[in-house]
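A short worksheet on the structure shown next.
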Amino acid sequence: MSNGAFGDRRSNGVIAASLLTLLAATRAHAEPGGNLILRGAAIYTFDAARPWASALVIRNGRIAYVGDDAGALAFAGPGTHALTLDGRMVLPGFHDSHCHPMTGGMRLLRCRLNDYKTERQIYAAVRACAAGPKGTWLLGGGWSPEAFARGGPSRRKLDQLVPDRPALLTTEDGFTAWVNTRALQLAGVGIGSRTQVEGIERDPRTHEPTGILKDDAVAFVKGHAPRPTEGEYREALRRSTAIANRFGITSLVDAAASEAVLDAYRAADLEGELTVRVVAAQRIDPGRGEEQIGEMVARRDRVRGRRLRADAAKLFLDGEIDRHTAAMLEPYADLPGVRGELQIKPEALNALVRRLDADGFLIHLHAMGDRAVRAGLDAIEQAIQVNGSRDRRHQLAHVGVGSPEDILRFGRLGITADFQPFWAQANDAANGPTEAALGLARSRRMYPIASIAAGGWRFIASSDWPAPSMNPLDAIQVAVTRQPLDGSKPAQQPQERVGLATILAAYTIDAAWAAREEAIDGSIEIGKAADLVVLDRNLFRIDVLELHRARVLLTLLDGEPVYRDPSFAWH
């Protein structure tokens, strides 16, 4: 999936810094150990016994009461802090069930080119980055190929802009990189080199590298850059979680965490710095076998903490539809004879899934094309048959397109589909190439959210941040409308729209179940953690094209404010 700019139009680095400052000020005014009463609110609980309430009470980080205002006032006493919300909405904290916080946070520390629309602007921004603090490499990204009128940026131009060190700058989606000569040389891709790595673009006449890398070549060259330091990881985490809290997110799944990333999470958790609950999915190497699972079990047990678990496992089954790397049952409409390939053979996939299932992991499978979706369903079904009855919470992420018969299998097998609803809007930059690749008939089945829901099983929702938007309210609106946020185009696959209550559940109670957190959060019930978000308006009482304009006023984690809008009076 090609991705556009971040959902928040302002600089994310500035946002993150201001959020951290505001957080410190808000915590200074909190009343540790006392009761917090929220009253006069529109509280949507996701508790079937009491769907709506007007007040709740928080005691020692837990929900102690849910009901009417009069009942809440009975909890008033010394140290009680009461907030009158004047009809504002309270929801369980949002879950982002598939994102990359460390990747996105690290990008905030690098040379950022997201906001520049012309070739000249990008060159000026790179020059400014190069003039800043020196490092062994200049890393960054966010440039758009559309900004370059003559076929893209060149290695020679980047040599001029960054003459003193290696430089590697990716597009927003990370699949393409612009590099200078020094970066290529350090990777062994010199001017006369014929290094056999897929994705090194070369001049057809001279065979010299042009400076553009794609897919495998990006990872190959980037692998020669220094790895982030522990301090960089920690700062990246602070910035990304501050943005998550700003959008009302209190729980997230890191969809591909390395051992270094797990160590950074663990250090932050031990020092009380995690302002979200984190389920980390350990990334599986498809080139290795079951022997790696023992290592994963050891890491799972080692890093578990107060707000951190690493009991999920992530495996890529295929690539992306618009890049013709997703595995399809039938050839691509615009590339006859090409179906894409699975990144792991079915026999190896089945063996890994059986073992992961037996060892109690939450299995996350990246499956974009319909052949990958089928392979993932087949593998989990086989694990169910072999391992027998157990508590399973497995999921297929993305499900760009699936065959009608396989869509029905989600409900029958109890497998959760994890969608990124924001991608389903009619103006997403990737949808044109994706529709061309799929052809008309298959395009009608893109992102089959309502079809999965109609099968009688839950689905969950997420951002896949750092692109294109972490804000759940953006995605919630698109799930309801299948239109751009401004409503400027007709709905795309309107039959796949879902109701507001359904998509809210995907971001709260159903996501909590998928993360094995339903006993802790996901609904507003007595005894659960006070992970809550206060919005400036009741989502059920506004036009659906206004949903994304709702603003998070307050985010609470364990009853403590981790974000407060400057306009929202705490006292």
Side-chain angles (χ1 to χ4, degrees), residues 1-4 100 103 107 110-111 113-114 119 122 126 137-159 162 166-191 193-225 256 286-287 316-328 332 334-335 338-343 366 368-369 372 398 400 429-434 436-437 464 466-468:
M1 181 72 182
S2 297
N3 299 311
H100 303 275
T103 300
R107 289 187 185 183
R110 308 300 193 202
C111 180
L113 305 174
N114 304 70
E119 189 172 341
I122 291 172
V126 172
W137 281 60
L138 178 67
L139 299 172
W143 60 272
S144 170
E146 285 73 31
F148 295 86
R150 293 180 296 279
S154 72
R155 167 176 58 86
R156 297 188 185 282
K157 183 62 179 180
L158 194 53
D159 287 345
V162 191
L168 184 149
L169 304 166
T170 66
T171 51
E172 185 65 49
D173 61 15
F175 295 130
T176 301
W178 174 27
V179 295
N180 66 1
T181 301
R182 286 201 177 197
L184 291 170
Q185 289 173 336
L186 281 178
V189 189
I191 302 307
S193 168
R194 297 301 178 101
T195 301
Q196 297 301 307
V197 178
E198 290 291 329
I200 299 173
E201 184 180 281
R202 294 182 182 273
D203 184 289
R205 184 177 58 84
T206 66
H207 300 291
E208 292 185 1
T210 64
I212 296 298
L213 309 175
K214 295 186 177 179
D215 301 318
D216 290 349
V218 178
F220 176 74
V221 175
K222 195 171 185 178
H224 290 77
F316 283 84
L317 301 188
D318 67 345
E320 308 295 331
I321 295 172
D322 59 322
R323 302 180 67 81
H324 304 95
T325 54
M328 306 300 299
Y332 285 100
D334 57 350
L335 277 181
V338 175
R339 294 194 306 155
E341 298 296 334
L342 292 171
Q343 294 187 12
H366 170 114
M368 186 63 78
H398 311 313
N431 283 345
T434 298
D464 206 9

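Nothing here was measured: the structure is a model prediction, and the numbers come from that model.
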NE2-CZ distance between His398 and Phe316, expressed to the nearest 0.5 angstrom: 6.5 Å
Interatomic spacing from CZ in Arg155 to CG in Asp203 - rounded to 0.5 Å: 9.5 Å
Intermediate values then yes/no, side chain to side chain contact (heavy atoms under 4.5 Å, CB included), Leu213 and Val197: CA-CA 10 Å; Leu213 309 175; Val197 178; over 6 Å; no
Side chain to side chain contact (heavy atoms under 4.5 Å, CB included), paired with Val162, selected from Val179, Leu168, Asn180: Asn180
Thr434 side, atom OG1; Asp322 side, atom CG - distance, nearest 0.5 Å: 4.0 Å
Heavy-atom neighbours of Lys157 NZ exceed 12 at 6.0 Å: yes
Side-chain donor/acceptor of Trp143 to backbone N/O of Leu169, under 3.5 Å: yes
Asp318 backbone acceptor or donor facing Gln343 side chain under 3.5 Å: yes
Donor-acceptor pair, side chain of Asp159 and main chain of Thr181, under 3.5 angstrom: yes
Arg107 (side chain) donor-acceptor with Gly141 (main chain) under 3.5 angstrom: no
Closest heavy-atom pair and its distance - Lys214, Thr176: CG-OG1, 4.0 Å
Least distance between heavy atoms, Gly369 atom then Met328 atom: CA-SD, 3.6 Å
Heavy-atom pair of closest approach, residues His207 and Arg202: O-NH1, 3.0 Å
Partner of Trp178 by side chain to side chain contact (heavy atoms under 4.5 Å, CB included), out of Thr171, Thr210, Ile122, Thr170: Ile122
Closest contact, heavy atoms only, Leu138 versus Cys111: CD1-CB, 4.3 Å
Nearest atoms (heavy-atom pairs only) where Ala437 meets Asp334: CA-OD1, 3.3 Å
CG-NE2 distance between Leu184 and His224, expressed to the nearest 0.5 angstrom: 11.0 Å
Side-chain donor or acceptor of His366 paired with backbone N/O of Gly319 under 3.5 Å: yes
Verdict with supporting geometry, Arg323 and Asp215, side chain to side chain contact (heavy atoms under 4.5 Å, CB included): CA-CA 10 Å; Arg323 302 180 67 81; Asp215 301 318; 2.9 Å; yes
For Tyr332 against Glu320, the heavy-atom pair lying closest together: OH-O, 4.2 Å
